[in-house]
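A quick write-up on the structure given underneath.
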Number of protein chains: 2
Amino acid sequence: MTVPPQADPDDGAVRSRTIPEASVARLALYLRVLGELAEQGAETVSSEELAGVTGVNPAKLRKDLSYIGSYGIRGVGYEVSSLLHQLERVLGLNHRQAVALVGVGNLGHALAGYTGFGGRGFPVTALFDVDPDLVGIHINGILVEHVDAIPSVCAARGVTIGMIATPGPAAQGVCDLLVESGVRCILNFAPVVLQVPDEVEVRKVDLAVELQVLAFHVARRHVAEHPQAVAGGNGHGRNGHGSAVRTFPLVDGASASEGRA
Amino acid sequence: MTVPPQADPDDGAVRSRTIPEASVARLALYLRVLGELAEQGAETVSSEELAGVTGVNPAKLRKDLSYIGSYGIRGVGYEVSSLLHQLERVLGLNHRQAVALVGVGNLGHALAGYTGFGGRGFPVTALFDVDPDLVGIHINGILVEHVDAIPSVCAARGVTIGMIATPGPAAQGVCDLLVESGVRCILNFAPVVLQVPDEVEVRKVDLAVELQVLAFHVARRHVAEHPQAVAGGNGHGRNGHGSAVRTFPLVDGASASEGRA
DNA sequence: AAGTGTGAAGTGCTTCACAGCA
DNA sequence: TGCTGTGAAGCACTTCACACTT
């Protein structure tokens with residue numbers, strides 16, 4: 001098809017396509033790197049350059065970008081500022097997203113003060129906790145309010161994204177409050193699986209799981225350095241990014257017969 | 001094949017299989033939930049029960065577990081304590097993993113105090129920073145040392161996992177130091193793509209990307225509620241977990257002709 | 001000549017459905 | 001009978017290769 005690149009009505013004739021979820025996450029990555037390139041004064045980038053910096057396969061990058069339209073110039077590359085603009089639009093960053101953070105304990109406090117958010121279009125707009133010692137204080141100029149106030153405050157401030165950084169046992173209750181308040185997208189740091197209605201999108205950041213996956217790899221490497229009865233063979237390569245889907249030999253202390261079954 | 005379940009020599013006759021990376025992450029999740037079930041006194045669980053709590057498809061769960069061996073009992077389910085033990089072994093949690101954390105600023109300070117780590121076999125063993133105001137202080141009883149000391153300290157304490165929570169520009173340098181010190185698994189919170197040798201495993205937790213993906217969904221939902229010229233149709237469902245691979249209609253303000261090309 | 005956009009092939013994860021064991 | 005373990009089918013993402021544009 002190859003549609004002529006055209007100015008975007010921003011919210012005018014809304015059309016719809018389809019983007020693989022995996023691509024959406026990478027688009028966000030491209031956006032950040034493009035921002036850095038723009039600051040350095042770059043005017044265009046090729047898929048190969050951008051792929052190099054982001055650790056993504058160039059073909060995959062081009063395909064990702066093709067999902068949002070044809071904004072590249074053949075023989076040249078992509079115009080940085082233009083692509084930046086398109087990515088921001090697709091990722092919904094032209095509307096400011098008000099973020100509410102529930103749980104300002106250890107981790108939550110750090111998140112509340114994390115400048116990487118507000119600086120990039122995600123102002124933390126409301127803070128909540130149940131601890132009487134925390135309710136009433138200010139963090140980064142934001143008042144910490146009681147969890148009971150979630151419905152009213154979220155509605156009043158138009159919160160669109162909720163972050164949960166409470167202890168595990170409190171998370172589901174908080175989640176229910178957020179959903180009840182109309183929040184449809186939630187970032188969950190608590191170590192529990194939240195139950196939510198279909199229309200609510202939950203993303204989870206699970207530090208314990210991350211470490212355990214790494215521990216698995218430590219064990220795997222340990223075997224790789226002491227190849228005893230190891231069989232499996234995936235001599236891949238790449239430099240730690242790429243996120244090519246892989247499988248890993250498992251250090252197994254039991255069971256037998258390896259072939260399929 | 002169906003191998004008779006047998007006691008594990010723990011490190012004896014080491015064998016190797018293959019586990020999809022996606023499964024490894026879920027195994028860690030099962031492990032945590034099983035721990036909770038064990039505390040509640042449960043002796044067995046069926047794949048359906050465990051699947052319900054973890055938000056995973058029962059068949060997928062069984063397949064995940066089958067990768068580590070046949071530890072279930074047909075007609076009954078899985079013995080909680082036994083399965084727990086197997087998961088810990090596979091995930092390398094029977095050897096304690098010493099963790100080093102670099103960057104004890106905003107986020108790093110919270111991570112250093114995060115009890116979810118040490119409690120589950122990941123004692124934070126070393127802290128590093130470059131800020132003279134931080135070097136020398138203690139956090140949770142751990143001395144913050146200068147980044148220059150990474151090689152010696154990591155070697156001395158047998159650090160196997162490194163966490164990077166520095167500002168973006170410092171991350172690559174810190175990463176190089178860790179790798180040089182023999183650390184082969186890194187959890188990166190800095191908003192940069194680390195360049196590492198093939199043998200180093202990097203996992204990235206990117207808060208900005210998480211929020212941007214959610215922002216994308218906010219925009220998507222906005223359209224769903226105002227179905228104007230929307231075309232795409234994925235009337236899926238599920239409750240926010242499941243992690244079934246999906247695609248999403250894109251709110252597009254430009255370009256035309258939708259069919260392929 | 002250079003680099004994008006993309007059909008088609010490749011690969012791996014997910015889900016189904018059922019044989020088989022307790 | 002109930003539930004696990006798994007072959008096979010389904011599906012989505014990744015990668016290749018090249019037509020096409022500038």
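What you are looking at is a predicted structure, and each value in this text was computed from that prediction instead of being measured. A, B, ... follow the sequence lines: proteins, then strands. Residue 1 opens every chain. Both backbone and side-chain heavy atoms feed into the values below; hydrogens, waters and symmetry mates do not.
Atom pair Leu61(A):CG and dC16(D):C1' shows a separation of 16 Å (rounding to whole Å applied). Between the OH atom of Tyr67(A) and the C1' atom of dG7(C) there is a distance of 12 Å, given to the nearest Å. If you measure from atom NZ of Lys60(A) to atom C1' of dT11(C), you get 12 Å, rounded to the nearest angstrom. Rounded to whole Å, the distance from CD on Glu21(B) to C1' on dA12(D) is 17 Å. For Glu48(A) and dC16(D), the CD to P distance is 13 Å, given to the nearest whole Å. Per the geometry, CG belonging to Asp64(B) stands 10 Å off C1' belonging to dC13(C), to the nearest Å. Separating the CD1 atom of Ile19(A) from the P atom of dT14(D) is a distance of 13 Å, rounded to the nearest angstrom. Rounded to whole Å, the distance from CD1 on Ile68(B) to P on dT4(D) is 14 Å.
For the pair Tyr78(B) and dG2(D), the criterion of a side-chain N or O lying under 4.0 Å from OP1 or OP2 is not met. In terms of phosphate contacts, Asn57(A) brings a side-chain nitrogen or oxygen within less than 4.0 Å of OP1 or OP2 of dC16(D). Of the side-chain N and O atoms in Ser47(B), one or more sit less than 4.0 angstrom from OP1 or OP2 of dT4(D).
Without hydrogens or angle criteria, Arg184(B) side chain to Val179(B) main chain gives a donor-acceptor distance under 3.5 Å. A donor-acceptor contact shorter than 3.5 Å links the side chain of Arg32(A) to the backbone of Pro191(B).
Out of dG5(C), dT14(C), dC13(D), the shortest distance to the side chain of Ala22(B) is found at dT14(C). Among the nucleotides dT6(D), dT15(D), dG5(C), the one closest to any side-chain atom of Ser66(A) is dG5(C). The side chain of Ser46(B) lies closest to dC3(D), out of dC20(D), dC13(C), dC3(D).
The nearest pair of heavy atoms linking Gly52(B) to Gln195(A) is O-NE2, 4.0 Å. Taking both residues in full, the closest heavy atoms of Phe189(B) and Leu111(B) are given as CE1-CD1, 3.7 Å, listed atom of the first, atom of the second, then distance.
Other residues, nucleotides and ligands contribute only 12 or fewer heavy atoms inside 6.0 Å of the CD atom of Glu43(A).
Residue side chain Arg74(B) reaches the base of dT4(D) through a donor-acceptor N/O pair under 3.5 Å, judged by distance alone. For dG5(D), its base sits under 3.5 Å from the side chain of Arg62(B) at one donor and acceptor pair at least.
The residue among Ile73(A) and Ala59(A) whose nearest nucleotide of DNA chain D lies closer to the 5′ end is Ala59(A). In terms of position along DNA chain D, the nucleotide closest to Lys63(A) lies nearer the 5' end than the nucleotide closest to the other residue of the pair Val76(A) and Lys63(A).
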